[in-house]
Amino acid sequence: MPFEARYRVYLHHTDAAGIVHFSRLLALVEQAEEDFYASAGVSSIQGIFPRREVYASFTYPLRRGDEVAVRIWAEEVRRRAVKYRFEVFNLTAGVKAAEGYVVGVCVDVKEGKLVAVECPEDFLEAWRRNAPP
């Protein structure tokens with residue numbers, strides 16, 4: 001079952017055209033990811049899960065005042081990386097606004113360089129529970 005979080009679009013999410021800027025939409029996806037970790041009881045992941053790849057396809061605009069639902073679920077869970085998918089729904093308009101995926105890699109800093117390491121077990125287990133059957 002995908003994790004779902006609901007938010008309202010505020011003025012600071014929008015650009016000069018009055019629609020949510022792509023970077024702010026991805027920030028909503030990351031906010032849902034943070035809420036997912038909190039709901040799953042995952043300890044802090046600060047600094048251990050940088051993004052390696054992000055893809056997004058935008059299909060309908062979000063505007064100030066819109067209610068949105070962000071759904072995320074694991075597509076691939078590996079010892080050192082997770083790929084999760086997302087969908088963003090414009091609940092006000094009743095349509096999907098965007099979809100895509102994020103790939104993150106667990107890292108540690110050694111001698112000033114990022115080195116891939118195994119992800120914490122509670123982190124991996126949370127994503128495994130979130131994956132579709």
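Both backbone and side-chain heavy atoms feed into the values below; hydrogens, waters and symmetry mates do not.
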Please check this pair: side chain of [X] against backbone of [Y], looking for a donor-acceptor N/O pair closer than 3.5 Å.
| X | Y | value |
| --- | --- | --- |
| N90 | G94 | no |
| D15 | G18 | yes |
| R85 | E75 | no |

Does anything in residues 94-118 pair up under ring-ring contact (aromatic ring centres under 6.0 Å, His included), and if so which pairs, sequence neighbours excluded?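 Sorted pair list: Y55-Y101.
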
With distance as the sole criterion, is a donor-acceptor pair present between the side chains of Y37 and D122 under 3.5 Å?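 The criterion, which ignores hydrogens and geometry beyond distance, is not satisfied for D122 and Y37.
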
[Y] and [X], any side-chain heavy atoms less than 4.5 Å apart:
| X | Y | result |
| --- | --- | --- |
| V109 | L114 | yes |
| F36 | Y84 | no |
| T59 | S57 | yes |
| V70 | F3 | no |
| F58 | E99 | no |

For the [atom1] atom of [X] and the [atom2] atom of [Y], what is their distance to the nearest 0.5 Å?
| X | Y | atom1 | atom2 | answer |
| --- | --- | --- | --- | --- |
| R52 | R80 | CZ | CZ | 13.0 Å |
| R64 | Y10 | CZ | OH | 11.0 Å |
| I19 | L62 | CD1 | CG | 8.5 Å |

Between E121 and R128, is a salt bridge (Lys or Arg N to Asp or Glu O under 4.0 Å) present by the stated rule, with each step listed? CA-CA 10 Å; E121 191 54 40; R128 287 183 193 116; 2.8 Å; yes

Report the residues that fulfil side-chain hydrogen bond (donor to acceptor under 3.5 Å, both in side chains) with R129, sequence neighbours left out, ordered by chain and then residue number.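 Result, side-chain hydrogen bond (donor to acceptor under 3.5 Å, both in side chains) vs R129: none returned.
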
Quick one: do E67 and R6 satisfy salt bridge (Lys or Arg N to Asp or Glu O under 4.0 Å)? Show the steps, please. CA-CA 7 Å; E67 294 284 338; R6 293 182 179 216; over 6 Å; no

So which atom in A74 and which in N130 form the shortest heavy-atom distance, rounded to 0.1 Å?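 Looks like N-OD1, 2.7 Å.
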
Would you kindly check if the NZ (Lys) or CZ (Arg) of R71 is within the cone defined by 45 degrees around the ring axis of F89 and under 6.0 Å from the six-membered ring centre?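 The answer is yes, since R71 meets both limits relative to F89.
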
Does R51 CZ have over 12 foreign heavy atoms under 6.0 Å away?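 Yes.
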
